[in-house]
Amino acid sequence: MHIPTITGFYLALLALLYLVLGLQVSRLRRGHRIVFGDGDNIKLRSAIRAHGNFAEYVPVIVLLVALLEMSGMPTARVHLLMGMLLVARLLHPLGMYVGPRTLQFQICRVGGILLTLLVLLAAALLALARFWPL
């Protein structure tokens, strides 16, 4: 069995980003003395959602890509999918901290989630094509 080293590399980078997002939530909670929820604080709410959105999408995408890599998908495709996911997940939180209807919001938050969804769709379709039971 092929060990998914490319996916593992990108997953390590994504894990560091997840850590930073989690630390941002903790920093804002501590700074505003908010133990539970968002305390109606818009910055904390944005940080919580950036962290949560990451947790909602990244695991299933990484799992799909790891399975594809293990099954022999070309390395260039693995790099493309995981590189796009990394860019998407870097963009998304940058857009979470600006007001809606701004250019940065459109490029970062909207662009980040659209790119995430595109990677999810591509990985799912590639997995269906590769693993469809005969």
Option among V35, N41, I34 that satisfies the side chain to side chain contact (heavy atoms under 4.5 Å, CB included) test with R29
I34
How far apart are the closest heavy atoms of V25 and L44, and which atoms are they?
O-CD1, 3.8 Å
If hydrophobic clusters are built from ILVMFWY residues whose side chains come within less than 4.5 Å, do L86 and V60 share one?
yes
Search all heavy atoms of V119 against all heavy atoms of L85 and return the closest pair with its distance.
CG2-N, 4.0 Å
With the side chain counted from C-beta on, respond yes when V110 and F105 share a heavy-atom pair under 4.5 Å apart, and no when they do not.
yes
Please find the pair of heavy atoms, one from A88 and one from T116, that lie closest to each other, and give the distance.
CB-OG1, 3.3 Å
Set of side-chain contact (heavy atoms from CB on, under 4.5 Å) partners for Q104, sequence neighbours left out
L94, V98, T102, C108
Would you say that L90 contacts L17 through its side chain, given a criterion of any heavy-atom pair below 4.5 Å between the two side chains?
yes
Quick one: closest heavy-atom pair of G112 and L91, and the distance?
CA-CB, 4.1 Å
Given side chains that start at C-beta, do those of L125 and L121 come closer than 4.5 Å, heavy atoms only?
yes
Should D40 and R45 count as an ion pair when the cut-off is N to O under 4.0 Å?
yes
Which atom names give the shortest non-hydrogen contact between A122 and L81, and what distance separates them?
CB-CD2, 3.9 Å
Compare every heavy atom of M82 with every heavy atom of L11, then report the nearest pair and how far apart it is.
N-CE, 4.3 Å
Run the ring pair (Phe, Tyr, Trp, His ring centres under 6.0 Å) test on F54 and H92 for me, step by step, so that the C-alpha distance in whole Å, both residues' side-chain angles and the decisive distance to 0.1 Å come before the verdict.
CA-CA 9 Å; F54 186 105; H92 184 264; 9.4 Å; no
Run T5 and E69 through side-chain contact (heavy atoms from CB on, under 4.5 Å) and show every step you take.
CA-CA 9 Å; T5 55; E69 183 180 358; 4.0 Å; yes
By side-chain contact (heavy atoms from CB on, under 4.5 Å) - contacts of A66 (at least two apart)
P4, T7
Is there a side-chain contact between K43 and Y97 (heavy atoms, below 4.5 Å)?
no
Tell me whether S46 contacts the main-chain N or O of M96 through its side chain, where contact means a donor paired with an acceptor under 3.5 Å.
yes
Taking side chain as C-beta onward, heavy atoms only, is V65 less than 4.5 Å from Y10?
no
